[in-house]
Amino acid sequence: RAAEPAATERTFATIVGGGPVGLYLSLLLSRYGVPHVLAEKAHTPSTHPRAHLVNTRTMELLRQVGLEDAVHAASPPPDSWRRFVYAESVLGTHIATIDHMGLETWSKLCEASPSRLTHLSLPQLEAILASAANRAAAANNKGQALLLRGAEVTAVESLEGDSPGGPVIGADGASSLVRRAANIEMRSGQKVLQHFESVHFDCPQLAPLLKAVALKDGRGAREAMLYFVFNPSAIAVLVAHDIERGEWVAQLPRFPVQNTEALAPGASSKQGGSVASGWSGSAGGASAPRSLAEVEATLRACLGAEPSLNLNVQDVRQWRMVAAVAERFTSDCGRLHLAGDSAHQFPPSGGFGMNTGLHDAHNLAWKLAVAYRAGLSAEPDAHLLKPLDLIASYSRERQPVAEFAADVAVRNFKRGLKVPDALGLSHAAAQTLLSLVERTMSAVSAAAPAVHAALPISAAQNAVDALMQIGRLPLRFLPSASSAGFNSTLGVGSRMGPRADVSPNSGASPPGFKFGISPGSSLGSSLGSSSNPIARWGGDRLLAAQRIVTCCEALPLLFPQVELGTVYSQLAGSTHALSPRNSPSNRASPSSSSSSSPSPSNGSSNSPNHISNSSTTLPELDGVTQYLESTRIGARMPHAPLLRLSKSDGGYAGYASGSGAAGEIGGAG
């Protein structure tokens, strides 16, 4: 409880949900002097790490409220998370590495913004936002901000006409009460993309072991943000939330056999960046939670660790990955608004979920403040939009942005499947197999109900699990990447062979090289001359996977157009910027100032509702669409160094400024 409201005052707005989006919205409203109440039903925040990427635009917004330095101070050092590693295990045989800060895209992002994206576990970011929101509420000179924990909102009424009642903002997650009260449906063009088991564990011993491995194999640092692990015993993505502190999350793909009644996307609680599923136990599937011993065995296989390595499993959660966006972000009555997970749920590929939610709050907060101040004014400004018309622009502007982010996130998920597909692990085949088992169960149920009732669904699940284990057999035929005489780390200045540098943007390797493999190396020789067809097949698979990574065709980390290129193309009700292929309902676009038609495979193409009045093509680099600065109305204001002027006897004298000097990089955008 930050501050008690004055007894005679009514609150203007109510925020339902005290996660990062609700807290950031509360912080902004307090800074604007808007009376509000935030209600969060949980007594304490979740400690299970979920979101972790704080992108460039979000860091710019945190800079505006004085939190950028605190977030960077809490984040691990960039050298520990600048890479994605593909390997047989975290400590084992290396397949390929991409160093995102070694790419030209990173340099361009640094030129475009004074802020730098960072990697910070959500519980830590949430703690920073909560502290700032409480300080801002306490500093509210009218004492009209109240932040409550352990306060559950059980009902929301959608009032019509001139009925009393202020705005209600649903920042209450994927199972949003506010969304249901507003009768807003979630739209999803995708079924469940994948089920996962999310394992939060501690292992401080990994930090020195990773350094020792790097010294031993001579391939450079092995610390990374993500480890994509492929071995016959386990396939997983491990997120190193903080290597030095030893905080990790393993995302383990699961293929649960579903009952006939499947949960609809967006119908249940949110975990780990996507919708938490009822597929465990009786709620919608047959896959019972695994024992702690089974989970630890899988983790050791992922880590390539000895039994003596100390692992401390903190929490295990099951969740399902979906892509869904609310049909609108504001109710018909104009008083109920959605932000964050209540409005959109994305696959975590790209890290757009939390960031998009914070951007929602930034867009909505100042509009609520204008509406509040207009209500206090005896003579409203005739030159300003009516408050409700201004607030209505929130949904028009943010809903297409979420649609675009969902589209890119799904494309990124598919890009992430390229490496396992190259290694002989077909995600499509696994899903087909699962569907076949479910159809067989359905047929047995229809033809012989008694037989179906006698056979536990867990038997079908065990059969699927066994078949998935067989599906990992191709990994046994991969040659050891460590036998190659090359460094498969991608980044500016990395050596892709003994005497050649390869640009990932050229689409071709230099003469005498094939995807960074020297023909004189042991692996290069064996792959080209092996008479064993299985060994030759395995070598070809490994080369194909390495090529995907080194040519920037795998999952990216940096998305300049998505992070900085949003353009709200309809302001004050104008439709002049709509292109003919835009539907009338989508009057804003997350596009840059220019139009482009990149290949769908790049994971960052423009949305179908792209709005532009220019035919210039956006540049492609490092497998992603780049950001172009624009002064177009509705675009992020370009950021540039400013020359401060000091008054002297002879007029104004300019002086340059560096980091930490009087001058700052300007532009709030």
Side-chain angles (χ1 to χ4, degrees), residues 83-99 203 205-240 243 248 250 252 297-309 416 418-425 469 471-491 494-497 514-518 521-528 530 532 534-550 554-555:
R83 290 166 284 271
F84 288 175
V85 166
Y86 297 79
E88 291 182 5
S89 65
V90 171
L91 298 173
T93 301
H94 173 274
I95 296 174
T97 295
I98 181 166
D99 178 4
C203 189
Q205 287 179 275
L206 275 178
L209 289 174
L210 282 167
K211 290 181 172 62
V213 169
L215 289 173
K216 182 178 179 180
D217 66 17
R219 298 182 187 279
R222 288 291 291 269
E223 291 92 346
M225 177 188 291
L226 300 181
Y227 294 83
F228 298 86
V229 170
F230 308 97
N231 67 60
S233 299
I235 297 172
V237 179
L238 276 76
V239 185
I243 290 177
W248 295 72
L252 310 175
T298 302
L299 291 179
R300 293 186 188 281
C302 292
L303 298 175
E306 298 294 331
S308 59
L309 185 69
K418 286 187 173 185
V419 170
D421 281 349
L423 295 175
L425 305 169
Q469 188 171 2
R472 294 196 292 268
L473 286 177
L475 296 174
R476 295 187 180 275
F477 307 130
L478 299 180
S480 172
S482 61
S483 65
F486 77 106
N487 184 342
S488 56
T489 299
L490 176 62
S494 64
R495 303 294 295 179
M496 302 301 294
K514 181 179 182 181
F515 314 128
I517 305 292
S518 168
S521 70
S522 58
L523 181 58
S525 300
S526 64
L527 296 184
S530 175
N532 184 334
I534 294 179
R536 190 162 56 245
W537 178 89
D540 288 344
R541 296 299 88 212
L542 185 64
L543 286 171
Q546 291 168 336
R547 178 198 174 279
I548 289 168
V549 177
T550 57
L555 179 66

Please identify each residue that fulfils ring-ring contact (aromatic ring centres under 6.0 Å, His included) with Tyr86, with sequence neighbours left out.
-> Phe228

Measure the shortest side-chain to side-chain distance between [X] and [Y] over non-hydrogen atoms and say whether it is less than 4.5 angstrom.
{"X": "Leu226", "Y": "Val85", "answer": "no"}
{"X": "Phe230", "Y": "Leu425", "answer": "yes"}
{"X": "Pro474", "Y": "Trp537", "answer": "yes"}
{"X": "Val237", "Y": "Tyr227", "answer": "no"}
{"X": "Val90", "Y": "Trp248", "answer": "yes"}
{"X": "Leu299", "Y": "Cys203", "answer": "no"}
{"X": "Ile235", "Y": "Val229", "answer": "no"}
{"X": "Leu303", "Y": "Leu238", "answer": "yes"}

[atom1]/[X] to [atom2]/[Y] distance, rounded to the nearest 0.5 angstrom?
{"X": "Ile548", "Y": "Lys418", "atom1": "CD1", "atom2": "NZ", "result": "7.0 Å"}
{"X": "Arg476", "Y": "Ser233", "atom1": "CZ", "atom2": "OG", "result": "6.5 Å"}
{"X": "Ile98", "Y": "Phe84", "atom1": "CD1", "atom2": "CZ", "result": "8.0 Å"}
{"X": "Met225", "Y": "Arg83", "atom1": "CE", "atom2": "CZ", "result": "11.0 Å"}
{"X": "Glu223", "Y": "Thr97", "atom1": "CD", "atom2": "OG1", "result": "11.0 Å"}

Smallest separation among heavy atoms of [X] and [Y], with atom names:
{"X": "Leu478", "Y": "Gly538", "answer": "CD2-O, 3.5 Å"}
{"X": "Leu91", "Y": "Leu206", "answer": "CD1-CD2, 3.9 Å"}
{"X": "Ala240", "Y": "Ala224", "answer": "CB-O, 3.3 Å"}
{"X": "Ser89", "Y": "Ala301", "answer": "CB-O, 3.8 Å"}

Could you check whether any side-chain N or O of [X] sits under 3.5 Å from a backbone N or O of [Y], counting only pairs where one atom can act as donor and the other as acceptor?
{"X": "Gln546", "Y": "Ile95", "answer": "yes"}
{"X": "Arg222", "Y": "Lys211", "answer": "no"}
{"X": "Arg541", "Y": "Leu423", "answer": "no"}
{"X": "Asn231", "Y": "Leu475", "answer": "no"}

Does the pair Arg300/Glu306 count as a salt bridge with the N-to-O cut at 4.0 Å?
->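 Salt bridge absent between Arg300 and Glu306.
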
